[in-house]
**Student:** 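This is the structure I want to talk about, given as C-alpha cells.
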Amino acid sequence: MKSLINLIEHKLNKEKIQFSLEIKDILTLKINKENLLKVFKILRYSEELLFDYLIDITACDYKEKNIFEVIYHLLSFIRNERIRIKVELEREKPEIESVCSIYPGANWFEREVYDLFGIKFLNHPNLKRILLWESFPGYPLRKDYKLEEEGPIPTLEDIY
Amino acid sequence: MEELIELNIGPQHPATHGVMRLKIYLDGERVKKAETIIGFLHRGSEKIMENLPYQKAMVWTDRMDYTAPILQNWAYVLAVEKLLKIEVPERAEYIRVILGELQRIAAHLIWLGTHLLDLGLMTVFMYAFELREKILDFFEEISGQRMNPSFFRIGGVAADTPHGWLKKVKDFLPEVLNKIIEMDEIIQKSLIFERRTKGIGVIPPEMALEYNVTGPVLRGSGIKYDVRKNFPYSVYPKIDFGIPVFYDGDVYSRYRVRIEEMKWSIKIIEQAIEMIPEGDVLINDYKVVPPPKTKIYNSIEEMIHHFLLVTEGFPVPEGEVYASVESAKGEFGVYIVSDGSNKPYRVHIRSPSFANLQILEKILPGHLISDLVAIIGSLDPVFGEVDR
C-alpha cells in the first residue's frame, strides 16, 4: 500500500493535480471534477499502476452539504490492489465527464447513475435511462425523493 | 443496402431467469445489431434498504440473485461487520464457507439444467434439478427455508448446525461429485452440444477487461481472477483450492469453468467439514446480536436488549465500506455509507450480472439467431440482480 501511495502522489504531483489521499477500508483518492479524465488516464495507462479494471460506479447524495459524490472503484490485477476515487459535484448542476472513452464498460454504470440520481455524464455515447422508463418523474435515489406507498405506473407507450 | 428485419425477443423467454427484452436487427438469419432493454424487474431495492435498519435490510439481499441467496447475504454481512469492526467466531466462518459453497453448487446446477434445456438436452436438466433439490434440503434443515434462507447474521450465523447435519453433508458429497462427472460425460458425448458451443460467443480477454465482466465469464476468457483468492475473506486462506481457467472465451469454456468450479467447491466443503472447530456461532455482544431466548425470558436486561434490537436496531459507526464476495456469477460487492444512525445512509450493490450482461450487445452481432439462446445462457444473468 505504501509504495502505491508514493507512486500516485508522485504521478499526480508531476501533472500538478490537486488531490487528497486517505486510507479508509481501501485507499481513497479525492479529486476535482476538472481533473477526472487526466487522473483516470494516469491510473489506467501508466505501467506501474495499471488500474485496468473498473469495478463499479455509483453516487451518493449528501443533501445537507448540498453535494453529490460520484464514487469509482478501480482494481489493478498486476498490483492486486483496489482504489476508490471520489468526485464532488454541486447539487444544482450535476455534470461530470464520462469515462467511457477509457473504460468502455462504464457505459451501463453511468446510465444507471444518470437514471437514479440525475447526474449528467458529458460525452457519454448513449445517455438515457436504463432501469426506469423515459418519462419517469424525478430521480428515486436522491434523498428528497420520498419512499411512497405506491409509485407511478408506466403506460404501454412508456415501455414500447 | 438490404433492409434489416427488426425482431423483439422477450420480455419473457426461456434463456434467462427473469425478464429481459432483446431487440435484434436481422439480415436473413444473422444478427447485425442487438439492443438489450432491462428494468422490468426493478424494485428499488437500494432505496428500500436505505429506509430499513441494518439487520432488516439484509433480507433484500436474498431476493436479488434468487438462485444463490446465501452468497449475497455474505457480502452484505461482511460490509456491515467491517464497519462495526466485529470478529466473527471461527465456527460461524466455517459454517458460512460450507453453506456458501453448497449454494454455489446449487446455483451452477440450476444454470446447467436450464442452459442445456435451451440447447435441447433434456436429460441433464432432470439430473441437475434432482441434485439441486437435495442440496436445498440441507438448507431447509439448517434454516427452515429452501429459497430465501436469510441465514447469516451480522456477527455470525443464525443457528448452529442441527445434530448430524455435517455428517449428512459429508456423506452426500461423493454423490454430487459422481453425478456431476456423469452429467459432464453425457454432455461431452453430445455432438449437438459441441457444435452449438465451440467458437460461439467468443469474448477475447481484452474485451472482457474493457467491459469489466467477472466470475466464470472472465475466467472463461483466460483471466485468473477470483475474489476468494485475490482478496481473501473469511477462512478461505486456510483452505486449499484451485481456480479453473479456460482460454477460448466461448460458450464452451464458460461451461467448462463452471463444471470445474463445482468440483472445487466439493473439495472446499470436504476440507471445511474436517477443519470445523467447536464453539459459538454468534458473537456475545447483545447490542448487535439478540440474546438467546432462554435469557430473554429470565432477565429484564436481556429483554430490553432484545426489544431495542427488534424495534430500533443498532447504530453503526460513521464511515464507508466496500466489501465483496465471489458469488456464483462473479464479484458481488456491497458499498455502504453510514452516517452513524441505525439505517444505512446509502447502499449500493455492485451486481455481477449487471456488468456481465452489458457485453451481450457486443458479442451478439455476426451470430445466427439460434446461437442467441446459447450465448445469453452462458452469461448466466439473473434479473433480480440486474435490475435490483
Side-chain angles (χ1 to χ4, degrees), chain A residues 22 24-26 28 44 50 52-64 69 71 73-77 79-84 86 100 102-109 111-113 115-117 126 128-133 136 139-143 145-148 151 154 159-160, chain B residues 8 11 21 23 35-44 46-48 50-52 79 82-83 206-214 218 223-225 227 229-231 319-324 331 333 335-337 339 345-351 354-359 361-362 386-388:
Chain A
E22 257 180 288
K24 289 185 175 169
D25 58 318
I26 48 178
T28 306
R44 168 75 179 83
L50 214 65
D52 46 5
Y53 193 85
L54 175 77
I55 298 172
D56 187 29
I57 299 176
T58 184
C60 185
D61 178 8
Y62 294 97
K63 205 177 154 222
E64 288 82 50
E69 224 167 46
I71 299 130
H73 284 100
L74 299 182
L75 169 73
S76 164
F77 283 119
R79 305 189 62 93
N80 200 24
E81 264 171 309
R82 295 178 196 275
I83 188 172
R84 178 185 298 145
K86 300 212 286 187
C100 281
I102 302 164
Y103 299 98
N107 194 323
W108 276 25
F109 291 136
R111 274 175 74 186
E112 191 197 332
V113 173
D115 187 357
L116 303 174
F117 282 94
N126 181 24
K128 57 179 188 183
R129 296 198 119 146
I130 184 164
L131 296 176
L132 301 166
W133 57 97
F136 187 90
Y139 301 105
L141 283 184
R142 287 190 182 184
K143 287 289 165 192
Y145 191 96
K146 287 276 166 286
L147 193 71
E148 286 165 346
I159 301 174
Y160 289 100
Chain B
N8 274 298
R21 177 165 159 236
K23 218 184 199 176
E35 198 185 326
T36 30
I37 295 158
I38 58 169
F40 295 94
L41 222 56
H42 181 62
R43 297 150 293 177
E46 286 174 15
K47 184 84 177 173
I48 294 168
E50 282 163 24
N51 284 282
L52 287 171
K82 253 191 196 176
L83 275 172
E206 307 83 48
M207 196 202 263
L209 271 184
E210 274 179 2
Y211 283 87
N212 47 57
V213 297
T214 40
L218 184 67
I223 296 168
K224 198 170 181 178
Y225 172 69
V227 186
K229 277 272 187 221
N230 288 45
F231 299 95
E320 57 190 297
V321 76
Y322 176 84
S324 61
E331 178 171 340
Y335 173 72
I336 297 180
V337 179
D339 60 347
Y345 187 74
R346 168 97 178 97
V347 182
H348 177 71
I349 311 289
R350 187 261 184 223
S351 67
F354 183 76
N356 289 358
L357 193 67
Q358 189 177 183
I359 208 167
E361 289 174 357
K362 280 276 159 233
V386 174
D387 296 343
R388 280 159 281 141

**Student:** Below 4.5 Å, heavy-atom pairs only: which of B:Lys362, B:Lys82, B:Met207, B:Glu50 has the largest tally toward chain A?
**Tutor:** B:Glu50

**Student:** Over 60° means perpendicular and under 30° means parallel, so classify the ring planes of A:His73 and B:Tyr335, tilted if in between.
**Tutor:** perpendicular

**Student:** For a 4.5 angstrom cut-off between non-hydrogen side-chain atoms, does B:Tyr345 reach B:Ile336?
**Tutor:** no

**Student:** Output the option from B:Leu209, B:Leu83, B:Ile223 having the highest count of non-hydrogen pairs under 4.5 Å with chain A.
**Tutor:** B:Leu209

**Student:** Between A:Leu54 and chain B, with a heavy-atom cut-off of 4.5 Å, which part of the residue counts as in contact: side chain, backbone, both or neither?
**Tutor:** both

**Student:** Please look at B:Phe231 and chain A and tell me whether the side chain, the backbone, both or neither of the residue comes under 4.5 angstrom of a heavy atom of that chain.
**Tutor:** side chain

**Student:** Would you say A:Arg129's side chain and A:Phe136's backbone share a donor-acceptor pair under 3.5 angstrom?
**Tutor:** yes

**Student:** If the condition is side-chain contact (heavy atoms from CB on, under 4.5 Å), which residues does B:Glu361 pass it with, not counting sequence neighbours?
**Tutor:** A:Trp108, B:Glu35, B:Thr36

**Student:** Donor-acceptor pair, B:Asn356 side chain versus B:Thr214 backbone, under 3.5 Å?
**Tutor:** yes

**Student:** Where the side chain of B:Ser324 meets the backbone of B:Glu331, is there a donor-acceptor pair that is under 3.5 Å apart?
**Tutor:** no

**Student:** Salt bridge (Lys or Arg N to Asp or Glu O under 4.0 Å), that's the test. Do A:Lys86 and B:Glu320 meet it? Break it down for me.
**Tutor:** CA-CA 12 Å; A:Lys86 300 212 286 187; B:Glu320 57 190 297; 2.5 Å; yes

**Student:** Can you say whether A:Ile102 sits under 4.5 Å from chain B via the side chain, the backbone, both, or neither, judging by heavy atoms?
**Tutor:** neither

**Student:** Before giving the answer on ring-ring contact (aromatic ring centres under 6.0 Å, His included), spell out for B:Tyr225 and A:Phe77 the whole-Å C-alpha distance, their side-chain angles and the decisive distance to 0.1 Å.
**Tutor:** CA-CA 8 Å; B:Tyr225 172 69; A:Phe77 283 119; 5.2 Å; yes

**Student:** Using non-hydrogen atoms and a 4.5 Å limit, figure out which bit of A:Glu81 sits close to chain B: side chain, backbone, both or neither.
**Tutor:** backbone

**Student:** What residue in A:Ile57, A:Asp52, A:Asp115, A:Leu75 has the most heavy-atom pairs under 4.5 Å with chain B?
**Tutor:** A:Leu75

**Student:** Taking the six-membered ring for Trp and the single ring otherwise, decide whether the centroids of A:Tyr103 and A:Phe109 are under 6.0 Å apart.
**Tutor:** no

**Student:** Looking at side-chain heavy atoms only, is the closest gap between A:Glu112 and A:Leu131 below 4.5 Å?
**Tutor:** yes

**Student:** Where does A:Arg44 contact chain B at under 4.5 Å (heavy atoms): side chain, backbone, both or neither?
**Tutor:** neither

**Student:** Using heavy-atom distances under 4.5 Å, tell me whether A:Glu64 contacts chain B through its side chain, its backbone, both, or neither.
**Tutor:** side chain

**Student:** What part of B:Val321 is in contact with chain A, defined as an atom under 4.5 angstrom from a non-hydrogen atom: side chain, backbone, both or neither?
**Tutor:** both

**Student:** If we define contacts as heavy-atom pairs under 4.5 Å, which of B:Val213, B:Val386, B:Ile359 has the most with chain A?
**Tutor:** B:Val213

**Student:** Less than 4.5 Å to any heavy atom of chain B: does that hold for the side chain of A:Asp61, its backbone, both, or neither?
**Tutor:** backbone

**Student:** Heavy-atom pairs under 4.5 Å with chain A - which of B:His42, B:Lys224, B:Arg350, B:Arg388 has more of them than the others?
**Tutor:** B:Arg350

**Student:** At a heavy-atom separation under 4.5 Å, does B:Asn51 approach chain A through its side chain, its backbone, both, or neither?
**Tutor:** side chain

**Student:** Check whether A:Pro140 gets within reach of chain B through its side chain, its backbone, both or neither, counting any heavy atom under 4.5 Å.
**Tutor:** backbone

**Student:** Is chain B contacted by the side chain of A:Arg84, its backbone, both, or neither, given a heavy-atom distance below 4.5 Å?
**Tutor:** side chain

